[in-house]
Amino acid sequence: MKSNVLIISYVFPPSIEVGGRRWDKFARAIYRNGGSVTILSSDMGIPNTLIGNKPNYIKSHHIIKNKYPEILNTSPTTIPDKIKYRLALKKVKRSTTGNYYDRGIYAKKDFLEGLKGILDQDQIDTVVVTGAPFSLLYFVSLLKDDFNFRLISDIRDPWTFGGSYGIGKIEKSRLLEENRREKLVFEQSDIITLPNESMRYIYQDKYKTNAHKTKVLLHGYDEQEFKNILPNTKKSYIKWVYGGTLYEDCLETYQKLFQYVGNHEFISLDVYGRNSLSINESYMSVAFKDLLNPSAFNTVCCKMDCFIWVFPEKFRNYLSTKLFELIRCRIPIVYIGFEGDFSHFIEKNNLGVFIIENEFLENIDIVEVKLKELCYNSTFPIQDYSIDEIIKAIL
């Protein structure tokens with residue numbers, strides 16, 4: 001894998017934004033396999049004290065300023081913030097004919113100048129651009145004919161469907177413009193990578209003449225994050241753990257879960273989460289803790305008996321990085337949610353239990369019942385889902 005790769009991602013470590021983690025992990029895998037990695041990102045989420053820092057697997061990191069008004073990424077509650085929000089929204093609407101919730105609106109000039117400079121100076125043979133924001137994929141596709149590089153466009157989430165990133169709120173004329181941009185990206189790209197088969201099927205049907213370009217690039221896990229971590233070998237189910245975002249859409253489910261654990265004499269639950277919910281109650285045997293870095297959280301999971309997973313219906317087909325990390329930990333998963341690729345993967349491979357959200361709300365004891373019936377597949381070939389193996393599919 002002797003490639004000179006440029007990765008374009010709006011956020012990238014040391015940014016604390018989650019969107020940069022996917023290609024940070026793949027950057028490590030590219031480097032370990034003999035490739036060279038250059039990064040072009042914005043400064044969004046990077047603490048000022050860390051700007052200029054770069055790990056040894058990154059050859060150089062070019063950073064432009066994030067000019068998108070961050071008030072638009074909030075749900076304002078005070079009158080001053082609501083006024084700021086309306087003024088900012090009015091401004092960005094004037095700045096694009098497409099999706100005004102796309103954070104890359106003001107990045108076109110700086111990104112294209114940065115990209116041209118890198119392509120002129122470095123011997124880049126492969127450019128990877130990942131979105132959201134999806135405007136970056138469009139900007140790069142505009143330069144494809146002027147430079148000799150292989151273009152891989154990574155669509156992490158649905159672009160023109162699915163309702164994410166404000167796409168469901170924009171006017172019809174703007175949606176048509178986003179579809180035009182998306183179509184150009186499919187035409188100009190050599191490979192289109194998608195994180196799951198469901199998205200691939202939709203895009204193959206939408207862009208039939210370019211369907212052959214699509215590939216599934218799962219999130220995978222990094223074996224380097226499991227140094228000196230022993231996999232879970234326990235058979236009891238009394239120490240539960242939850243990690244990640246606590247979603248507003250699932251508030252009733254969380255409350256039922258926490259109440260159940262709080263009233264259960266033998267079960268405990270540790271919650272490592274981004275708590276944006278109005279959960280002000282205290283629950284016996286439920287401990288709310290701060291998020292940990294991936295390696296530290298993996299260590300925690302290997303000491304627990306099962307991982308409780310709750311997320312909204314819109315994520316039912318997502319196979320996230322955390323999924324493969326948990327399988328590497330050999331910790332059973334209890335997924336409370338909606339049928340889809342995620343539930344099928346868990347059940348087909350005997351990696352945990354799936355409980356439909358409504359069934360859980362009606363009979364919370366079903367968790368223990370299903371766990372007792374589980375014959376966990378401790379021989380699942382998780383090594384096939386390491387990032388070093390996955391990245392070979394496109395480089």
Side-chain angles (χ1 to χ4, degrees), residues 8-11 19 22-23 40 42 67-69 72-73 88-112 115 127-147 149-217 312-318 340-341 394:
I8 301 173
S9 178
Y10 198 74
V11 295
R22 173 170 165 88
W23 279 97
L40 176 59
S42 78
K67 299 176 183 177
Y68 189 79
L72 295 182
N73 296 316
L89 187 60
K90 185 176 181 180
K91 178 183 176 183
V92 296
K93 282 185 175 183
R94 292 197 302 264
S95 303
T96 182
T97 55
N99 184 6
Y100 37 80
Y101 288 106
D102 187 299
R103 286 174 166 176
I105 286 173
Y106 299 113
K108 181 177 181 179
K109 181 175 181 293
D110 291 344
F111 263 102
L112 290 181
L115 175 57
V127 174
V128 176
V129 55
T130 183
F134 299 111
S135 55
L136 300 190
L137 283 72
Y138 172 63
F139 298 157
V140 177
S141 70
L142 297 175
L143 279 188
K144 181 63 163 60
D145 292 336
D146 297 330
F147 292 88
F149 60 80
R150 182 167 171 258
L151 177 57
I152 299 174
S153 294
D154 180 54
I155 303 179
R156 300 192 312 269
D157 298 293
W159 181 345
T160 53
F161 60 94
S164 298
Y165 305 103
I167 202 72
K169 301 177 182 178
I170 63 176
E171 298 86 346
K172 183 178 180 180
S173 61
R174 293 179 182 271
L175 182 58
L176 288 172
E177 172 61 16
E178 290 296 324
N179 274 282
R180 184 192 70 81
R181 297 178 183 186
E182 184 183 75
K183 181 174 182 290
L184 180 66
V185 168
F186 270 76
E187 291 170 348
Q188 294 292 81
S189 300
D190 296 288
I191 295 177
I192 302 286
T193 56
L194 305 156
N196 57 62
E197 286 288 355
S198 295
M199 280 178 62
R200 187 185 185 201
Y201 293 148
I202 291 172
Y203 276 120
Q204 283 182 325
D205 183 62
K206 186 173 183 179
Y207 300 110
K208 292 181 174 61
T209 58
N210 290 296
H212 63 284
K213 297 180 179 180
T214 61
K215 290 181 179 290
V216 171
L217 187 70
E313 185 173 11
K314 63 183 178 181
F315 297 137
R316 63 191 176 88
N317 292 319
Y318 285 25
D341 291 351
I394 61 170

Undergrad: Hey, can you pull the donor-acceptor pairs under 3.5 Å for the side chains in residues 90-98, sequence neighbours left out?
TA:
| from | atom 1 | to | atom 2 | distance (Å) |
| --- | --- | --- | --- | --- |
| Ser95 | OG | Lys91 | O | 3.1 |
| Ser95 | OG | Tyr106 | OH | 3.0 |
| Thr96 | OG1 | Gly98 | N | 2.9 |

Undergrad: For Tyr10, give me all partners under ring-ring contact (aromatic ring centres under 6.0 Å, His included), at least two apart in sequence or on another chain.
TA: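 For Tyr10 there are no ring-ring contact (aromatic ring centres under 6.0 Å, His included) partners, ignoring immediate neighbours.
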Undergrad: Applying ring-ring contact (aromatic ring centres under 6.0 Å, His included), name anything that partners Tyr318, two or more places apart in sequence or on another chain.
TA: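 Counting only residues at least two positions away or on another chain, Tyr318 forms a ring-ring contact (aromatic ring centres under 6.0 Å, His included) with Phe315.
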Undergrad: Quick one: salt bridge (Lys or Arg N to Asp or Glu O under 4.0 Å) pairs with a partner in residues 159-173, sequence neighbours left out?
TA: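 Of all non-adjacent pairs touching residues 159-173, those that pass salt bridge (Lys or Arg N to Asp or Glu O under 4.0 Å) are Glu171-Arg174.
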Undergrad: So, Lys206 and Thr160: side-chain donor and acceptor under 3.5 Å apart, yes or no?
TA: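 Yes, because at least one side-chain N or O of Lys206 sits under 3.5 Å from a partner of the opposite role on Thr160.
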Undergrad: For Lys213, what residues pass the salt bridge (charged side-chain N to carboxylate O under 4.0 Å, His left out) criterion, not counting sequence neighbours?
TA: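 Lys213 satisfies salt bridge (charged side-chain N to carboxylate O under 4.0 Å, His left out) with no residue once adjacent residues are dropped.
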Undergrad: With sequence neighbours left out, what residues match Tyr100 under ring-ring contact (aromatic ring centres under 6.0 Å, His included)?
TA: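 None.
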Undergrad: Ser153: which residues meet the side-chain hydrogen bond (donor to acceptor under 3.5 Å, both in side chains) condition with it, sequence neighbours left out?
TA: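 Once residues adjacent in sequence are excluded, the partners of Ser153 under the side-chain hydrogen bond (donor to acceptor under 3.5 Å, both in side chains) criterion are Ser189.
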Undergrad: Excluding sequence neighbours, so at least two apart, what forms ring-ring contact (aromatic ring centres under 6.0 Å, His included) with Phe161?
TA: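 For Phe161, the residues satisfying ring-ring contact (aromatic ring centres under 6.0 Å, His included) (neighbours in sequence not counted) are Tyr203.
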Undergrad: With sequence neighbours left out, what residues match Lys183 under salt bridge (charged side-chain N to carboxylate O under 4.0 Å, His left out)?
TA: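 Checked Lys183 against salt bridge (charged side-chain N to carboxylate O under 4.0 Å, His left out); matches are Glu187.
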Undergrad: Could you list the residues that satisfy side-chain hydrogen bond (donor to acceptor under 3.5 Å, both in side chains) with Ser198, not counting sequence neighbours?
TA: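 Testing Ser198 for side-chain hydrogen bond (donor to acceptor under 3.5 Å, both in side chains), a comparison that skips the adjacent residues, returns Asp341.
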Undergrad: Which residues pass the salt bridge (charged side-chain N to carboxylate O under 4.0 Å, His left out) test with Asp110, not counting sequence neighbours?
TA: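 For Asp110 the salt bridge (charged side-chain N to carboxylate O under 4.0 Å, His left out) partners, ignoring immediate neighbours, are Lys67.
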Undergrad: I need the Leu217 CG to Ile155 CD1 distance, nearest 0.5 Å.
TA: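 Leu217 atom CG to Ile155 atom CD1 measures 12.5 Å (nearest 0.5 Å).
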Undergrad: Suppose we screen for salt bridge (charged side-chain N to carboxylate O under 4.0 Å, His left out). Which residues come up paired with Arg22, at least two apart in sequence or across chains?
TA: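 Arg22: salt bridge (charged side-chain N to carboxylate O under 4.0 Å, His left out) contacts with Asp154.
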Undergrad: Between the side chains of Tyr165 and Asn99, does any donor sit under 3.5 Å from an acceptor?
TA: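 Not at all, the side chains of Tyr165 and Asn99 share no donor-acceptor pair under 3.5 Å.
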